[in-house]
There are 2 protein chains.
Amino acid sequence: MRDADIPLYFALFNEIGILSQLSRTVLEARLPEGLLVSHFGVLNHLIRVQDGQTPLRLARAFQVPKTSMTHTLAGLEKRALIEMRVNPEDARSKCVWITEAGRDVRDRAIRDISADMEAMVGEFAPDRVARLVPELAELRKILDAARD
Amino acid sequence: MRDADIPLYFALFNEIGILSQLSRTVLEARLPEGLLVSHFGVLNHLIRVQDGQTPLRLARAFQVPKTSMTHTLAGLEKRALIEMRVNPEDARSKCVWITEAGRDVRDRAIRDISADMEAMVGEFAPDRVARLVPELAELRKILDAARD
DNA sequence: GGCATTTGGTACGATATCGAACTTTATTGT
DNA sequence: ACAATAAAGTTCGATATCGTACCAAATGCC
C-alpha cells in the first residue's frame, strides 16, 4: 500500500462534504418555509423505507446522534407532519408515523425538487448516477462498520 | 428522459448527506479537542491550495455562506492557527494566512487520520476512490453552476 | 467628480446540532 | 427474584450554522 494514495481519500471526503453542503442549500431553497433537509429526509425515509420506526433506527439511518434526531422529530411533530406513539413492544421506545399532512408535504417537495433533478439529467446522466450510488452506499457501510 | 430515473438522483444526494455526516463524526473523533471538520478543512485548504486567500474565496470553495466562514475563521484565529491581515489590494478585504502552529496542527491531524485511511484501503481500494473523486467533482461543478 | 450600485466582511438573532448527564424500562447474570 | 448493566429517549448547556441587516470600500455610470 502506497502513502501516495492517502491524499486521494482526503480528497474524497472533502468532495463529499462540499457536495453535501451544496445540495443542502439547493434543496432547502425548494422546501417550504422552515423545513430543512433533515426534516425532509425523515419524511422521505418514512415513506420510502418504512413507517413506524423508532427514533433510534432513524438516527442510525442518517448517522446522526440520537439527540439530534429527537430535535428533528420534535420539529416535525410540532408541524403535525408526524405522530409519535409509544412502542407497544417496548415502553421505553416510540414509533414514528407520518401523517396525511406529512405525506402531502413530502409529495409536494418531491415534485418541486424533481424539476431541478430533471434539469440535471442532461448534464449528469442517470447511468452515471446509477454507477455512483452503489459505490457510495458501500463506502458508507465500510465507514459505518469502522466507526467503533 | 424517464421519470423513473429521478428517484436515483434523490438516492444520490441522500447517500452524500449520510456519508458527509458519517465522515464528519469519524474525522472529528481524531481531531484535537474542539477542532471541527470545518476548521480542519480550512487549514488543509490553505496548505493544499493556497495561502493568503480571502474569506470569500474560502466560503465559495467550501460552498458555505460567508457568515459561516467568518465564524470558522474567528475560531481558527482565536486559537492562533491562522492570521488575518488586510488585503493590500482591497481595503474591504482580508487575507488569511496559516501560522506555524496551524501547520503543526494540520500536519498532526493528517498523520492521525491517515492511520484510519490506511485501514480503509483494504476494504475500498484506491483505484475505486480514484474513479469516484472526478465524478463527484464534476457533479459539484454542475450543481454549483445551477445554483442560481 | 459625484452619485448609485456592487462587493467584502461583520454583527446580531434565531435555530440546528451535539455531547454529557439523567430518567425510565429492558435485559442479563447469578 | 433481584441487583447490575444496558438501552431508548429526553433535558440541558454549549456552540455551529446561517439569514437578515448593516457598514465600508470599490466600481460603474453620467
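Every chain is numbered from 1 and lettered A, B, ... according to where its sequence line falls, protein lines coming before strand lines.
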Discussion item. B:Arg103: which residues meet the side chain to side chain donor-acceptor pair (under 3.5 Å) condition with it, sequence neighbours left out?
Written reply: none
Fill in: Salt-bridge contact A:Arg111-A:Asp107 (side-chain N to carboxylate O under 4.0 Å)
no
Worksheet item: Counting only non-hydrogen atoms, which of residues 48-58 of chain B are less than 4.0 Å from DNA chain D?
Response: none
Fill in: Gap between atoms CZ and P, on B:Arg24 and C:dT17 respectively (whole Å)
10 Å
Worksheet entry | Main-chain N/O of A:Glu89 paired to A:Ser93 side chain as donor or acceptor, under 3.5 Å | no
Discussion item. Measuring to OP1 and OP2 of D:dT17, would you say a side-chain N or O of A:Gln21 lies under 4.0 angstrom away?
Written reply: no
Polar atoms only, N or O, under 3.5 Å: list the protein pairs with nucleotides 11-15 of chain D and their distances.
none

Worksheet item: Do B:Thr54 side-chain atoms and B:Lys94 backbone N/O form a donor-acceptor pair below 3.5 Å?
Response: no
Practice prompt. Rounded off to whole Å, could you give me the CD-to-P distance for the B:Gln63 and D:dC18 pair?
Written response: 12 Å
Discussion item. Check this for me, if you would: do B:Arg24 and B:Glu28 make a salt bridge, where the nitrogen-to-carboxylate-oxygen distance has to be below 4.0 angstrom?
Written reply: yes
Worksheet, complete the sentence: Under a 4.0 Å heavy-atom cutoff, the residues of residues 75-97 of chain B touching DNA chain C are B:Arg92, B:Ser93, B:Lys94
Worksheet item: Is the side chain of B:His71 donor-acceptor paired with the backbone N or O of B:Ser68 at a distance under 3.5 Å, no angle test?
Response: no
Discussion item. If I take atom OG1 from residue A:Thr72 and atom CZ from residue A:Phe62, how far apart are they, to the nearest 0.5 angstrom?
Written reply: 9.0 Å
Worksheet item: What residues, two or more places apart in sequence or in another chain, satisfy side chain to side chain contact (heavy atoms under 4.5 Å, CB included) together with B:Thr70?
Response: none
Item to complete: Would you indicate what A:Glu28 reaches in the nucleic acid, counting non-hydrogen atoms under 4.0 angstrom: base, sugar-phosphate, or nothing?
Response: nothing
Item to complete: Would you indicate, yes or no, if D:dA16 has its OP1 or OP2 atom less than 4.0 angstrom from a side-chain nitrogen or oxygen of B:Ser38?
Response: no
Worksheet item: Whole Å only: how far is the CZ atom of A:Phe40 from the P atom of C:dA16?
Response: 17 Å
Practice prompt. Could you check how far CG of B:Leu73 sits from P of C:dG9, rounded to whole Å?
Written response: 9 Å
Item to complete: Measure from CZ on B:Phe62 to C1' on D:dT17 and round the result to the nearest Å.
Response: 16 Å
Fill in: Any donor-acceptor N/O pair, A:Ser23 side chain to A:Ser20 backbone, under 3.5 Å
yes
Response to the item:
When rounded to the nearest 0.5 Å, the distance separating CZ of B:Arg79 from CG of B:Leu76 is 7.5 Å
Sequence neighbours left out, cut at 3.5 Å: what donor-acceptor pairs do the side chains of residues 41-49 of chain B make with other protein atoms?
from, atom 1, to, atom 2, distance (Å)
B:Asn44, OD1, B:Arg106, NE, 2.7
B:Asn44, OD1, B:Arg106, NH2, 2.9
B:His45, NE2, B:Gln53, NE2, 3.4

Practice prompt. Figure out the CG/P separation between B:Leu35 and D:dA16, and round it to whole Å.
Written response: 10 Å
